[in-house]
Amino acid sequence: MERLIIAGAGCAGFTAAIYAARAELEPVVLSGSTLGGQLSETTSVENYPGFPAGVMGPEVMENFQKQAERFGAKVRYETVTAARLKNGGPQQLTLSNGEKIECRALIVATGARPRWLGLDSEQKLRNRGVSSCATCDGALYRKVPVAVVGGGDSALEEALFLSRFASKVMVIHRRDQLRASKIMQERAFANPKLEMVWDSVVEDVLDVEKEEVTGVRVKNVKSDESRVLECQGLFLAIGHIPNTDPFKGQLKINDEGYIELPDGGRSMSNVEGVFVAGDCADHVYCQAVTAAGMGCRAAIDAERWLQKRE
Ligand code: NAP
C-alpha cells in the first residue's frame with residue numbers, strides 16, 4: 001500500500017507532490033490524461049509570480065515535475081477511472097489499465113477539462129476544424145478566418161494567440177459585455193485582427209457533409225436573426241468541467257461537479273484521509289497560483305493527518 005497518492009499532475013498535483021516528497025511521504029503522482037494539466041496546453045503565462053518576463057506553460061510544468069521528482073515523487077502515467085473511499089482509509093483507486101491500488105492518504109487534484117457547446121455538428125467536426133485548444137491547433141490556420149466562442153480570459157487569450165496566424169479572428173460572445181479581465185479586454189480591442197460578434201450564440205457549425213469547417217451559423221439573441229460567419233476553424237473557450245466523475249457517490253460533489261470541502265479553510269474532503277486541491281474544487285479563482293497554493297495546503301494537511309495516524 002502507498003502512503004500517499006496524488007491523483008492529477010497539474011499545478012495543484014505537482015505542488016502537493018513537492019511538499020509531500022520533501023516530507024518524505026514518497027508520493028505517487030497519477031498523471032491523468034494531461035500530464036502538466038491545463039498549463040501544459042497554454043502558451044505564455046504572464047501572471048505566475050517569479051517570472052517577470054512570463055514563462056511558457058509547458059516549460060513551467062516540466063519544471064514542476066522535475067522539482068517533485070528531485071525530492072522522490074514517482075509519476076505514473078495512469079488515469080483514475082473509479083474510486084472506493086472510506087473514512088480513515090485505505091483508499092482504493094482503479095486505474096485505466098485495470099489495476100487497483102491502495103493508499104493511506106489520497107489527494108485529489110484532477111483539475112478540469114474544457115466545456116463544449118454540445119451541438120451535433122460541433123462534435124462531428126471535432127479535430128476537423130473544431131478545437132478547444134488554440135495553442136495545439138492554431139498554427140494550422142494561417143491566413144484564413146477563424147472564430148472563437150466565449151467572453152472570458154480564455155477566449156481572449158485564444159483569440160490573441162490565433163491572431164498571430166489567422167487573417168481574422170471573430171470572437172462570438174452571447175452577451176454584450178466580456179467577462180474577461182480588463183487587461184485582456186484592452187489587448188483584444190487594440191488588436192486589428194479581432195472582431196467582436198456580440199449577443200450571439202452558435203446554432204450550427206458548417207459543413208458536416210464536407211467534413212471540414214466552412215463557417216458557423218450564429219443567431220443574434222436580441223434580434224433573433226441568424227447569419228453565417230465564414231471561417232475555417234472554430235475554437236471553444238466557454239469554461240471548464242471538473243474532472244470528478246470517478247469520485248461521484250464517494251465525495252461530496254455539487255451540481256456543477258465541483259468537490260465540496262466541508263471546512264473551507266482546510267483541504268480535507270467529507271471522507272477522512274482524502275484531501276482535495278485545485279480546479280476540481282475551485283470554480284471561483286481557477287488560477288495556476290491558487291491551484292498551486294491549494295496543492296501545498298493539501299500536502300501539509302495530509303502529512304499532519306498521516307503523522308497522527310501512524
Ligand atoms: P469563464 O471565465 O468561466 O468564461 C467562460 C465564458 O464562456 C463566459 O464568457 C461565458 O459567457 C461563456 N459561456 C459559458 N457557457 C457558454 C455556452 N454554453 N455558450 C456560449 N458561451 C458560454 O472561463 P475561462 O475564460 O476559461 O476562465 C476560467 C478562469 O481562468 C477565470 O478565472 C479566468 O480569469 C482564468 N483565466 C485567466 C487567464 C489569464 O489571466 N491570462 C487566462 C485564462 C483563464 P458569460 O460571460 O455570458 O457567462
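Indexing begins at 1, ligand by ligand and atom by atom, following the structure's order. Residue numbers start at 1 and run along the sequence shown. As the structure is a computational prediction, the values presented were derived from the model and not from experiment.
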If you apply the rule side-chain contact (heavy atoms from CB on, under 4.5 Å), what do you find for Arg227 with Arg217, and how did you get there?
CA-CA 6 Å; Arg227 64 178 169 134; Arg217 198 174 68 238; over 6 Å; no
Taking it one step at a time, do Asp199 and Arg175 satisfy salt bridge (charged side-chain N to carboxylate O under 4.0 Å, His left out)?
CA-CA 4 Å; Asp199 298 311; Arg175 294 187 293 134; over 6 Å; no
Min side-chain heavy-atom separation Pro27-Ile5 under 4.5 Å:
no
Are Leu93 and Phe247 packed together at the side-chain level, in the sense that at least one heavy-atom pair is separated by less than 4.5 angstrom?
yes
Would you say Gly151 has any N or O atom under 3.5 Å from an N or O of ligand 1, going by distance alone?
yes
For ligand 1, which is the ligand I care about here, please tell me if Glu157 has any N or O atom under 3.5 Å from one of the ligand's N or O atoms.
yes
Apply the test salt bridge (charged side-chain N to carboxylate O under 4.0 Å, His left out) to residues Glu195 and Lys168: give CA-CA distance (whole Å), side-chain angles for both, the deciding distance (0.1 Å), then the verdict.
CA-CA 7 Å; Glu195 188 181 304; Lys168 176 167 85 166; 3.7 Å; yes
How far is [atom] from its nearest protein heavy atom, and which residue and atom is that?
atom: atom 33 (C) of ligand 1; result: Asp153 OD2, 3.4 Å
atom: atom 7 (O) of ligand 1; result: Ile238 CA, 3.2 Å
atom: atom 25 (O) of ligand 1; result: Ser154 N, 3.0 Å
atom: atom 31 (C) of ligand 1; result: Gln287 NE2, 4.1 Å
atom: atom 8 (C) of ligand 1; result: Arg179 NE, 3.7 Å
atom: atom 23 (O) of ligand 1; result: Gly239 CA, 3.7 Å
atom: atom 17 (C) of ligand 1; result: Arg174 NH1, 3.5 Å
atom: atom 19 (N) of ligand 1; result: Leu117 CD2, 3.6 Å

Ligand-residue contact atoms, ligand 1 with [X], heavy atoms, under 4.0 Å:
X: Tyr285; answer: 32 (O)
X: Gly152; answer: 4 (O), 6 (C), 9 (O), 25 (O)
X: His240; answer: 26 (O)
X: Arg175; answer: 45 (P), 46 (O), 47 (O)

Carefully, step by step, assess Glu122 and Arg115 under the rule salt bridge (charged side-chain N to carboxylate O under 4.0 Å, His left out).
CA-CA 12 Å; Glu122 167 202 57; Arg115 183 189 300 282; over 6 Å; no
I want to know whether Phe235 and Phe161 have ring centres closer than 6.0 Å.
no
Under 4.5 Å between side-chain heavy atoms, counting indirect links through other Ile/Leu/Val/Met/Phe/Trp/Tyr residues: same cluster for Val218 and Leu117 or not?
yes
Would you kindly specify which portion of His173 sits under 4.0 Å from ligand 1, judged on non-hydrogen atoms: side chain, backbone, both or neither?
side chain
Checking contacts here: is it the side chain or the backbone of Asn47 that comes within 4.0 Å of ligand 1, counting heavy atoms only? Could be both or neither.
side chain
Show your working on side-chain contact (heavy atoms from CB on, under 4.5 Å) between Val60 and Leu39 and close with a plain yes or no.
CA-CA 8 Å; Val60 77; Leu39 239 51; 3.9 Å; yes
Geometric cation-pi criterion, Arg142 with Phe165: 6.0 Å, 45°:
no
Closest to atom 28 (C) of ligand 1 by heavy-atom distance, out of Ser200, Ala288, Cys286, is Cys286
Can you check ring-ring contact (aromatic ring centres under 6.0 Å, His included) on Phe14 and Tyr19, steps first, answer last?
CA-CA 9 Å; Phe14 275 136; Tyr19 275 79; over 10 Å; no
